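Below is one structure, written out as C-alpha cells; comments come after it.
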Amino acid sequence: MSFFGKMFGGKKEVAPTTGEAIQKLRETENMLIKKQEFLEAKIEDELNIARKNASKNKRVALQALKKKKRLEKQLQQIDGTLSTIEMQREALESANTNTAVLTTMKNAADALKTAHQNMDVDKVHDMMDDIAEQQDVAREISDAISNPVAFGADLDDEDLERELDELEQENFDKEIIGIPEPAPTLPEAPTEDLPEKAKEKKKAAATTAVVPDDDDPDMKQLLSWSN
C-alpha cells in the first residue's frame, strides 16, 4: 500500500498466509544466492586484473582493487541479508508447523466433544449396572438348568458311597493283596462206571481175548497143535 493510501484510509492489503510468505522468502533467498555467486565471480576477475597490471599499469590495478572492495562490501551485505531471510523463513516454517499441529488438535478435540455430546456419565454407569445384573441373571439360569433336580432324586447318596467303597476294597484285594476269588462249587464226578460204560468195557475185554496175537510164538504152537 502506498503512503497516501495509508494516510487516507485506502483499501487494506490482505495479509499473506504463512505458506505464501515462506514461498516468497525462498524465492528471494534463491535470488540473493545467485547474486552472491555473481559477485564472487566479479571479485575474482578484478583480483586477476590487479595482479596482471600490478607492475605494468598501477592505475588500472588500483581501480580493479577499488572495485573489488566495493563488490566485497556488497557481498558482505548480501551475506547478512541471507542470514536474516533464512532465520525469518525458519521462524515462519516453525509457526506454520505449530499452526498445523494446533489445527489438528482442535479438530480432534471438536470430534471428541461431538462423540461425547450424546453421552451421559450417569447413564453409562446405569447401563453398566444393567449389564452386570443381566449377566447375574443369565448365570443363575444356567445353574438352574444344569442342576439335576428332577433326575435321580430317589437315589440315596449313602448307599452309592457304600457300594463304591465295596468295589474299591474288592479291587484292592485283587491287585495288592492277591486274595483269589472263591471258585464256584461243582458236583463231584462219580467213581463207579455207569451201566452203559460197564457193558462197553466187558465187550471190549472179550474181543481182546478172542483175537490172537500173531507175534506170540506160544500162541502159534497152540494153534498148530489144535489143528
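This structure is a prediction, so every number in the text was calculated from the model and none was measured.
Counting only residues at least two apart or on different chains, the salt bridge (Lys or Arg N to Asp or Glu O under 4.0 Å) pairs with a member in residues 71-90 are E29-R89, K68-E72, R89-E93. Within the structure, the salt bridge (Lys or Arg N to Asp or Glu O under 4.0 Å) test picks out the following pairs touching residues 97-121 (sequence neighbours left out): K106-D110.
Separation of atoms CG (L167) and CD (Q169) is listed at 11.0 Å; rounding is to 0.5 Å. Summarising the geometry, atom CE belonging to M119 is positioned 8.0 Å from atom CE belonging to M127; distances are rounded to the nearest 0.5 Å. Atom CD of Q74 and atom NZ of K35 lie 6.0 Å apart (nearest 0.5 Å). Here the OG1-CE distance, from T81 to M31, works out to 9.5 Å after rounding to the nearest 0.5 Å. One finds the CG atom of N30 at 7.0 Å from the NZ atom of K34 (value rounded to the nearest 0.5 Å). Distance check: T18 OG1 to L25 CG gives 11.0 Å after rounding to the nearest 0.5 Å.
I22 and L82 fall within a single hydrophobic cluster, where Ile, Leu, Val, Met, Phe, Trp and Tyr side chains are chained together by heavy-atom contacts under 4.5 Å. Note: the hydrophobic cluster containing V60 does not contain L47 (ILVMFWY, side chain heavy atoms under 4.5 Å, direct or indirect links). With hydrophobic clusters built from ILVMFWY side chains whose heavy atoms lie under 4.5 angstrom apart, I145 shares a cluster with V137. Clustering ILVMFWY residues whenever any of their side-chain heavy atoms sit less than 4.5 angstrom apart, transitively, puts I49 in a cluster other than the one holding L71. No chain of hydrophobic side-chain contacts below 4.5 Å, direct or via other Ile, Leu, Val, Met, Phe, Trp or Tyr residues, connects I43 to L62.
Annotation: E27, atom CD; neighbour count of heavy atoms from other residues, nucleotides and ligands within 6.0 Å is above 12.
Among residues two or more places apart in sequence or in another chain, the salt bridge (charged side-chain N to carboxylate O under 4.0 Å, His left out) test is passed with R59 by none.
Closest approach of I78 to L39, counting heavy atoms only: CD1-CD1, 3.3 Å. Considering every non-hydrogen atom in both A50 and A64, the closest pair reads N-CB, 3.9 Å.
Under the 4.5 Å side-chain criterion, counting only non-hydrogen atoms from C-beta, L92 is not in contact with N96. Here the side chains of H125 and V121 are in contact, with some heavy-atom distance below 4.5 Å.
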Test log, rule salt bridge (Lys or Arg N to Asp or Glu O under 4.0 Å), inputs R139 and D136 = CA-CA 5 Å; R139 190 180 302 109; D136 293 336; 2.8 Å; yes
